[in-house]
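Everything below concerns the one structure shown next.
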2 protein chains.
Amino acid sequence: MKDARPCSIADTLALVGEKYALLVLREVFLGVRRFDRIARNTGAPRDVLTARLRRLVDAGILEKVAYSERPRRFEYRPTDAGRDLHPVLLTLMAWGDRHLTDEPPTVIEHSCGATLRPVVVCGCCGEEARGDTLTPHVRAPGWTTAGPVGA
Amino acid sequence: MKDARPCSIADTLALVGEKYALLVLREVFLGVRRFDRIARNTGAPRDVLTARLRRLVDAGILEKVAYSERPRRFEYRPTDAGRDLHPVLLTLMAWGDRHLTDEPPTVIEHSCGATLRPVVVCGCCGEEARGDTLTPHVRAPGWTTAGPVGA
DNA sequence: TGGAGTGAGTTGGAAAACTGGACCTTCACT
DNA sequence: AGTGAAGGTCCAGTTTTCCAACTCACTCCA
């Protein structure tokens with residue numbers, strides 16, 4: 001991946017794009033924070049889960065907190081940075097609910113009383129951010145929207 | 001993954017969670033739609049790219065369109081379902097921009113004139129969908145928020 | 001004291017996915 | 001005839017992932 005376009009999407013996926021990583025976060029957001037439960041609910045092999053948890057902790061997305069000293073037991077909680085990933089899960093879930101199933105396995109209730117239908121809007125004007133209202137500007141040196149300069 | 005929680009996030013990731021899949025979509029949204037350019041800009045090995053494109057086409061996320069008959073050449077365009085994945089990329093980018101870098105490699109201008117700051121809101125009331133305003137309800141038979149029943 | 005159970009991993013080997021490069025085909029240009 | 005581009009395919013080698021089994025430390029119960 002060395003010659004690829006510099007990009008925050010790629011950088012983010014380098015942390016949470018590995019298999020099971022986002023499912024681990026889903027469980028944590030659902031309140032499931034212990035190793036065994038996360039392993040069962042995601043289906044992740046235990047060694048993979050160990051690696052993912054370590055990576056997410058190193059990245060500052062989760063924190064490992066002892067909830068018992070004797071025996072020593074830990075739980076994994078989202079940090080502020082981890083909580084900021086919630087929108088990613090909401091948009092992924094919304095896409096699957098719309099395009100992959102008729103019966104959403106999980107629905108989310110918003111505090112307004114309605115079932116959540118997540119919409120991405122412009123933080124400035126509040127209008128929905130649809131593709132045809134967006135214009136990307138590539139700032140990375142040596143790159144344009146189309147690709148590397150002089151290629 | 002057979003015993004895992006049924007979940008639209010997992011189902012969506014089964015389609016777009018493999019390495020490079022979302023980067024391919026990023027390029028397509030940037031207007032880069034030909035095999036060679038996508039390969040260069042994402043850094044994906046060509047045979048991996050072949051596999052990802054086929055999968056995305058099969059899933060109805062991209063469509064393969066001939067733009068030249070002689071020689072036969074193709075480009076990949078997002079379908080309506082593909083365009084619905086744009087919010088996923090926007091939220092991933094927003095997280096990386098906030099937590100991983102000071103200088104976003106790409107900024108997006110919204111039609112309102114401002115630089116886009118993507119926010120996920122409730123489609124009903126328009127309020128920001130923060131974790132503490134959300135209550136999940138698991139509908140999948142045999143499952144609760146905490147895990148499978150009787151486990 | 002003895003045995004079962006739980007939580008959080010580690011270990012080892014087979015299977016799958018990824019990597020980088022070479023190769024192929026069809027056409028256009030010179 | 002030679003070169004180059006587009007769009008792939010093929011292959012050998014490496015890295016990841018998968019899965020079951022195993023460990024270790026401790027708790028609970030009789």
Side-chain angles (χ1 to χ4, degrees), chain A residues 1-5 10 13-24 27-28 31-58 62-77 146-151, chain B residues 1-5 10 13-24 27-28 31-59 62-77 146-148 150-151:
Chain A
M1 273 211 263
K2 56 189 75 61
D3 298 334
R5 180 197 297 282
L13 287 173
L15 296 178
V16 299
E18 291 167 304
K19 204 166 181 179
Y20 299 114
L22 286 172
L23 300 186
V24 170
E27 293 300 317
V28 170
V32 177
R33 293 177 179 186
R34 322 257 250 240
F35 189 92
D36 268 36
R37 297 299 170 183
I38 296 172
R40 181 181 346 280
N41 293 357
T42 61
R46 305 171 72 85
D47 56 348
V48 173
L49 181 56
T50 300
R52 293 297 170 274
L53 287 171
R54 193 190 318 278
R55 185 161 189 65
L56 291 170
V57 169
D58 288 350
L62 297 180
E63 55 184 350
K64 186 176 187 174
V65 180
Y67 67 88
S68 156
E69 276 308 326
R70 320 190 51 72
R72 198 153 175 77
R73 293 290 151 70
F74 302 98
E75 64 178 15
Y76 295 88
R77 296 189 197 155
V149 301
Chain B
M1 273 213 264
K2 54 190 78 60
D3 298 335
R5 179 196 297 280
L13 287 174
L15 295 179
V16 300
E18 291 167 304
K19 204 166 180 179
Y20 299 115
L22 286 171
L23 300 185
V24 169
E27 292 300 317
V28 169
V32 176
R33 294 178 177 186
R34 321 255 251 241
F35 189 92
D36 267 36
R37 298 298 170 182
I38 296 173
R40 178 179 352 278
N41 293 358
T42 60
R46 305 169 70 84
D47 57 350
V48 172
L49 181 57
T50 300
R52 292 298 171 275
L53 287 171
R54 195 192 315 279
R55 186 163 189 63
L56 292 171
V57 169
D58 287 351
L62 297 181
E63 54 184 351
K64 186 175 186 175
V65 180
Y67 67 89
S68 156
E69 276 308 325
R70 319 193 51 72
R72 200 155 174 76
R73 294 290 151 72
F74 302 96
E75 66 177 15
Y76 296 87
R77 297 190 197 154

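Convention: sequence-line order gives letters A, B, ...; per-chain numbering from 1. Note: hydrogens, waters and symmetry copies are ignored here, and every other heavy atom, side chains too, is used.
- Side chain of A/Glu18, nearest nucleotide from C/dT19, D/dT17, C/dG9: D/dT17.
- In this structure, A/Arg37 atom CZ and C/dG7 atom C1' are separated by 10 Å, rounded to whole Å.
- In this structure, B/Arg34 atom CZ and D/dG7 atom C1' are separated by 11 Å, rounded to whole Å.
- Atom-to-atom, CG of A/Asn41 to P of C/dG7 comes out at 12 Å; the value is rounded to the nearest Å.
- The nucleotide whose nearest atom lies closest to any side-chain atom of A/Asp47 is, among D/dG8, C/dG9, C/dT11, C/dT11.
- Taking A/Asp47 as the reference, nothing meets the salt bridge (charged side-chain N to carboxylate O under 4.0 Å, His left out) condition, with sequence neighbours excluded.
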For nucleotides 21-29 of chain D, print each protein N/O atom paired with a nucleotide N/O atom at under 3.5 Å, atom names and distance only.
unit_1 : atom_1 : unit_2  : atom_2 : d
D/dT27 : OP1    : A/Arg70 : O      : 3.3

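- At whole-Å resolution of the value, CD in B/Glu27 and C1' in D/dG7 are 17 Å apart.
- A/Tyr76 does not carry A/Lys64 over the face of its six-membered ring by the limits of under 6.0 Å from the centre and within 45° of the normal.
- Within the cation-pi definition used here (under 6.0 Å to the ring centroid, within 45° of the axis), A/Arg34 qualifies as a partner of A/Tyr67.
- Checking B/Pro45 against A/Tyr76, the closest nucleotide of DNA chain C that is more toward the 5' end is the one next to A/Tyr76.
- In this structure, A/Glu27 pairs ionically with B/Arg5, as a charged nitrogen and a carboxylate oxygen lie closer than 4.0 Å.
- The side chain of B/Phe74 sits closest to D/dG8 out of D/dG8, D/dC18, D/dT9.
- Here C/dT10 presents its P atom at 11 Å from CG of A/Leu49, a figure rounded to the nearest Å.
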